[in-house]
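Structure, as structure tokens:
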2 protein chains.
Amino acid sequence: MNSSKRSEQFPTADHDHQTCVTHALQEAEDFCLQQGLRLTELRHRVLELIWANHQPVGAYDLLEQLTHEGRKAAPPTIYRSLDFLLENGLIHRITSLNAYVGCNHPGLNHAAQFFICEACGQAAELDDAKIESVIARDAKRLGFTVEKRTVEVAGICAHCKLRPNP
Amino acid sequence: MNSSKRSEQFPTADHDHQTCVTHALQEAEDFCLQQGLRLTELRHRVLELIWANHQPVGAYDLLEQLTHEGRKAAPPTIYRSLDFLLENGLIHRITSLNAYVGCNHPGLNHAAQFFICEACGQAAELDDAKIESVIARDAKRLGFTVEKRTVEVAGICAHCKLRPNP
DNA sequence: TGCTATATTGTTATATTATAACGTAACATC
DNA sequence: GATGTTACGTTATAATATAACAATATAGCA
């Protein structure tokens, strides 16, 4: 049985990607309805594209995908949608890639960690409380109030290690 | 007694900054001599500027500082020096700021963590083995081979919390 | 319903960060 | 001192992101 979520671990080649996109969109719609947020057609489409890309994707890639389907779009078009999706926890920004990826746990205020494969470009989203607590401990020792955490680990995923030549 | 190192914790206002710059430069010179690396005048000056700025500083800021002192410089001038300094562990790049900061432990191959104050702009460099080991454990569970870690925590430092209005 | 305030999107221009490509100068090694 | 290599100069451009203002759509209310 395949998970309908993308990135709690690295997805296998045979996972049902259409289902995971559909599921994520459904969750987002439900979440926005609950919260009284306007998931407009544009925002919905941007979120769908992000999930459909199936890995962290750049703003200008998304922009090109939007214009290729006939929509009038300029950089602010995409950045404003990204801002909305970020603010409401529907996507994450991967700082080290300048790229955006769907969030696996929309609604939960969580600090995610990312493991990013340099071979296939996919990213696994973790939410390891242990990392959080170690950071919190260090912060306490420094007298530092944490606002935002960025934990991104680059390397090679298990699938790519086995693959002959990706 | 004031530490001659900048960022094992957030520096106090009264710390001897000139000494910490001088010390860092001396360490870099020694290290490059040992390793047979050419710390050219340009690279030396860039490293000095980075330390003198006393907090993460952008490439174009450095560029401006160079040109203001009469040197001919264009973006590649600065980026090439930054590349040299990064490759040889003399500075770090703070991904979330697109900025560069002197390394406290040149020569040691270490994965640093940064605590970045959003009020004063200063960054503390930690090297917490515990964070490393937790990341390593997660990586092992995923079958992931780690190449590079990025751990950056933004927030407010102890000094700025006490300050009335920075 | 129609009015009005607000939120969203369109549009143009520009800021910020970084690299490509190619030529010249310095240096090092023989 | 000829030659290969490394570093630097120079021009152009790529990639990412935001400012500023106009037009449109939506929501809430009279």
Side-chain angles (χ1 to χ4, degrees), chain A residues 28 32-33 35-50 53 55-67 69-88 90-101 116 121 150 152, chain B residues 28-29 32-33 35-50 53 55-88 90-101 116 121 150 152:
Chain A
C32 289
L33 201 62
Q35 303 290 312
L37 299 170
R38 290 177 53 195
L39 188 60
T40 62
E41 195 209 333
L42 175 65
R43 291 164 175 174
H44 189 278
R45 184 66 187 133
V46 170
L47 181 58
E48 192 171 18
L49 284 175
I50 289 172
N53 274 274
Q55 57 181 247
V57 55
Y60 280 73
D61 278 354
L62 291 168
L63 182 56
E64 199 188 340
Q65 292 174 37
L66 274 185
T67 54
E69 63 192 35
R71 191 185 278 269
K72 292 266 181 97
T77 310
I78 196 79
Y79 280 104
R80 283 191 287 228
S81 285
L82 291 173
D83 284 347
F84 170 86
L85 296 169
L86 284 169
E87 273 166 21
N88 295 295
L90 296 168
I91 62 173
H92 293 283
R93 179 171 192 273
I94 312 258
T95 304
S96 57
L97 300 176
N98 294 330
Y100 305 83
V101 69
I116 304 154
T150 301
E152 297 170 10
Chain B
E29 287 162 19
C32 288
L33 201 63
Q35 303 290 312
L37 299 170
R38 291 176 54 193
L39 188 61
T40 62
E41 196 210 331
L42 175 64
R43 290 164 177 175
H44 189 279
R45 184 65 186 135
V46 171
L47 182 58
E48 194 171 16
L49 285 175
I50 289 172
N53 272 275
Q55 58 182 247
V57 56
Y60 279 74
D61 279 353
L62 291 169
L63 183 55
E64 198 187 340
Q65 293 175 35
L66 275 184
T67 54
H68 269 46
E69 63 192 34
R71 190 185 278 269
K72 293 264 181 97
T77 309
I78 196 79
Y79 280 104
R80 283 191 286 229
S81 285
L82 292 173
D83 285 347
F84 170 86
L85 297 169
L86 284 169
E87 273 167 22
N88 295 294
L90 296 168
I91 61 172
H92 292 283
R93 178 171 192 273
I94 312 260
T95 304
S96 57
L97 300 176
N98 293 330
Y100 305 83
V101 71
I116 304 154
T150 302
E152 297 169 12

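Order of the sequence lines fixes the chain letters, A, B, ..., with proteins taken first and strands second; residue numbering starts at 1 for each chain.
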Quickly work out the B:D83 CG to D:dC8 P distance and round it to whole Å.
12 Å

Establish whether the base of C:dA15 is bridged to the side chain of B:Y60 by a donor-acceptor pair shorter than 3.5 Å.
no

Separation of C:dT16 atom C1' from B:L97 atom CG, nearest Å, is 14 Å

One should read off an interatomic distance between B:L66 CG and B:I78 CD1, to the nearest 0.5 angstrom, of 4.5 Å

Interatomic spacing from OG in B:S81 to OH in B:Y100 - rounded to 0.5 Å:
12.0 Å

Can you check whether B:L86's main-chain N or O pairs, donor with acceptor, with B:R93's side chain at less than 3.5 Å?
no

Please determine which of A:L62, A:L97, A:I94, A:I91 meets the side chain to side chain contact (heavy atoms under 4.5 Å, CB included) test together with A:V57.
A:L62

For atom CG of A:D61 and atom P of D:dA14, their distance in whole Å:
16 Å

Provide, to the nearest angstrom, the distance between the CG atom belonging to A:L63 and the P atom belonging to D:dT18.
14 Å

In whole Å, what is the span from the CG atom of B:L62 to the P atom of C:dT17?
11 Å

What's the separation between atom CZ in A:R71 and atom CZ in A:R45, rounded to the nearest 0.5 Å?
8.5 Å

How long is the gap from CG on B:L85 to CG on B:L39, to the nearest 0.5 Å?
7.0 Å

OP1 or OP2 of C:dA18 sitting under 4.0 Å from any side-chain N/O of B:N98?
yes

When the distance from CD1 of B:I94 to P of C:dT16 is rounded to whole Å, what number comes out?
20 Å

Listed pairs, N/O of protein and of nucleotides 7-11 of chain C, under 3.5 Å:
{"residue": "C:dT8", "atom": "OP1", "partner": "A:R43", "partner atom": "NH1", "Å": "3.1"}
{"residue": "C:dT8", "atom": "O5'", "partner": "A:R43", "partner atom": "NH2", "Å": "3.3"}
{"residue": "C:dT9", "atom": "OP1", "partner": "A:T40", "partner atom": "OG1", "Å": "2.5"}
{"residue": "C:dG10", "atom": "N7", "partner": "A:R80", "partner atom": "NH2", "Å": "2.5"}
{"residue": "C:dG10", "atom": "O6", "partner": "A:R80", "partner atom": "NH1", "Å": "2.9"}
{"residue": "C:dG10", "atom": "O6", "partner": "A:R80", "partner atom": "NH2", "Å": "3.4"}

Within the distance-only criterion (no hydrogens, no angle test), does the side chain of B:E152 pair as donor or acceptor with the backbone N or O of B:I116 below 3.5 angstrom?
no

Round to a whole Å and report the spacing from CZ of A:R93 to C1' of D:dT18.
13 Å

Rounded to whole Å, please give me the gap between CD in B:E64 and C1' in C:dT16.
13 Å

D:dA17 phosphate, OP1 or OP2: any side-chain N/O from A:Y79 under 4.0 angstrom?
yes

